[in-house]
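Only one structure is covered here, and it is reproduced in the block below.
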Protein chains: 2
Amino acid sequence: MTASKTAAAVKPARAARKEPPAETAAEASELMMGELSELLGYALKRAQLRVFEDFLQSVAPVQLTPAQFSVLLLLDANPGRNQTEIATTLGILRPNFVAMLDALESRGLCQRTRSPSDRRSHILVLTDKGRATLARAKKLVATRHEARLTELLGRDNSAALLAMLAKIAREF
Amino acid sequence: MTASKTAAAVKPARAARKEPPAETAAEASELMMGELSELLGYALKRAQLRVFEDFLQSVAPVQLTPAQFSVLLLLDANPGRNQTEIATTLGILRPNFVAMLDALESRGLCQRTRSPSDRRSHILVLTDKGRATLARAKKLVATRHEARLTELLGRDNSAALLAMLAKIAREF
DNA sequence: CCTATTTGATATGGTGCATAACAATTATCG
DNA sequence: CGATAATTGTTATGCACCATATCAAATAGG
C-alpha cells in the first residue's frame, strides 16, 4: 500500500525561507492559513488523512487497509451475501471490488462460492483464517487506534463527533 | 474532475436480492453495517466524500476544486511566496504542485514571476481575475455550502466539529 | 572556486475511482 | 415456449491523486 512516508508530505513543515537580515519578529516565516482554517471540508480531509495513516500503522501487524478491514467486518456481519451486495453497501463499485476480493481471497481470508440458486453470483464467506485475522485486527483497532483517538478528544466528544459525521454522510 | 455520478455509487442502495418466499419481515434485505458504524475513520471518510461532492457542486459556477480553492485562498492571504512555500503548507508535494499551478495560470487566475533576489524561485501572485474569482467562490462556499452544513448541524455543533477535526489533524 | 543545497520541473509508478463492454446466467413477457 | 431484457462477475481503460527519483539552473557556504 506504500504507506511509507505519507506523513512527511502532510507535515506543514515550515519551509526554509530566505530571511531578510532585518526580520523584525523571530517567527515571521509562518504562512497564514487564513480562512482555510474555517473551511470544514479542509479540516475534514486533513483529519481523515491523519486518521487513516494512524489506522494503517496501528493495524500493521495484520496488514489490512481501512477498506479491507471494512470488507471483512461486513462479511462477518452479513454472511452469505454476494459481491454486488457487499460492494454497494460499502460504496465500492463492482468492477473495483473484484481486485479487492482477489487480494483477500489469495491471502486465504475469504472465499467465493458459486450460489446454487443463482449461478451468476458468488456467495462470499469468511474463512477461519479470515475470522481470526479480523478478530486480531479488531483488537488492534480498539486498543491502539480508537482508544488513543477517544483519549485525545474525550469520550463524550468522540461520540458526538462520530454522530455528526454519520449525520453529514446521511443527511447532507 | 468527473464529479458526475459519485453519489450513485455511494448511495447504499438496497440491492435487489432474491427474496425467499417465506421472508418473515418486510425489510430483511438491508445489510448490517455492524461495527462499521462505530469506526471513526469510516465515518470520517464518508463525510469527507459527501462534503467534497457538495463543495464541487456549490462552487460549480466558478469551476474550482477544493484543492484549487485552497490554493487561491492561501495565495490571497500570503502574497509574494514561492511554489515550495505554498505547496508544503497545503501538504502538496512540489512535483504535483506544478500541474496545479499550470492549470490556474492558464486560466489567468494567478501568475508566476521570477524573483529578482533568487532567480530559482517563482513568486506567486493572484491576478485581478484570480481575486475576482476567489471572491465569487468565497460567496458561493459561504452561502451555498457552509451555510447548509451549519444549518444541518447547528451553529455550535458545527464549530465544535471544526475544532475537533483541526485537533485531530494537529495533535493525533 | 568547488561543493552542497535549493527550486522548479519532468518522468514515472502506484492507487483509487469511474465508465464501457462482455459472457454467462436469469428474469420477463408476448 | 422463446425472444428479449436485466443481472452478475469480470476485463479493459482512463482520469485524478499521490509519492519518488532525477535533472538543470541558481544559490549558498566553505
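From a predicted model like this one, the values you see are computed outputs, not experimental measurements. Chain A is the first sequence line, chain B the second, and so forth, proteins listed ahead of strands; every chain is numbered from 1.
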[X] has an atom [atom1]; how far is it from atom [atom2] of [N], in whole Å?
X: Glu105(A); N: dT10(D); atom1: CD; atom2: C1'; value: 14 Å
X: Leu49(B); N: dA16(D); atom1: CG; atom2: P; value: 17 Å
X: Ile92(B); N: dA9(C); atom1: CD1; atom2: P; value: 14 Å
X: Phe52(B); N: dA16(D); atom1: CZ; atom2: C1'; value: 13 Å
X: Leu93(B); N: dT22(D); atom1: CG; atom2: C1'; value: 15 Å
X: Asn96(A); N: dA20(C); atom1: CG; atom2: P; value: 14 Å
X: Met100(A); N: dC17(C); atom1: CE; atom2: P; value: 9 Å
X: Phe97(A); N: dT19(C); atom1: CZ; atom2: P; value: 18 Å

With a 4.0 Å limit, can you tell me whether [X] has a side-chain N or O closer than that to the phosphate oxygens OP1/OP2 of [N]?
X: Lys45(B); N: dC17(C); result: yes
X: Arg94(A); N: dC17(C); result: no
X: Thr84(A); N: dT7(D); result: no

Has the side chain of [X] got a donor or acceptor atom that lies under 3.5 Å from a matching backbone atom of [Y]?
X: Arg136(A); Y: Val62(A); result: no
X: Thr127(A); Y: Gly108(A); result: yes
X: Gln68(A); Y: Thr65(A); result: yes

Contact check, side chains of Phe69(A) and Lys138(A), non-hydrogen atoms, under 4.5 Å: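 Yes - at least one pair of side-chain heavy atoms lies under 4.5 Å apart.
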
Atom pairs under 3.5 Å: protein N/O with N/O of nucleotides 21-25 of chain C:
residue	atom	partner	partner atom	Å
dT25(C)	OP1	Arg119(A)	NH2	3.4
dT25(C)	O2	Arg120(A)	NH1	3.3

Taking only the side-chain heavy atoms of [X] (C-beta and beyond), determine which of [options] contains the nearest atom.
X: Ser121(B); options: dT11(D), dG8(C), dA19(D); value: dG8(C)
X: Asn82(A); options: dA9(C), dT20(D), dG9(D); value: dG9(D)
X: Gln83(A); options: dG9(D), dA9(C), dA19(D); value: dG9(D)

Let me see the working for Glu146(A) and Leu40(B) under side chain to side chain contact (heavy atoms under 4.5 Å, CB included), right down to the final yes or no. CA-CA 8 Å; Glu146(A) 301 260 7; Leu40(B) 212 124; 4.0 Å; yes

Just do the side-chain hydrogen bond (donor to acceptor under 3.5 Å, both in side chains) check on Arg112(B) and Gln83(B) with the steps written out, would you? CA-CA 9 Å; Arg112(B) 291 185 243 225; Gln83(B) 298 184 196; 3.1 Å; yes

Using every non-hydrogen atom in the two residues, find where Leu64(A) and Ala137(A) come nearest and quote the distance to one decimal.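 Result for this residue pair: CD1-CB, 3.9 Å.
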
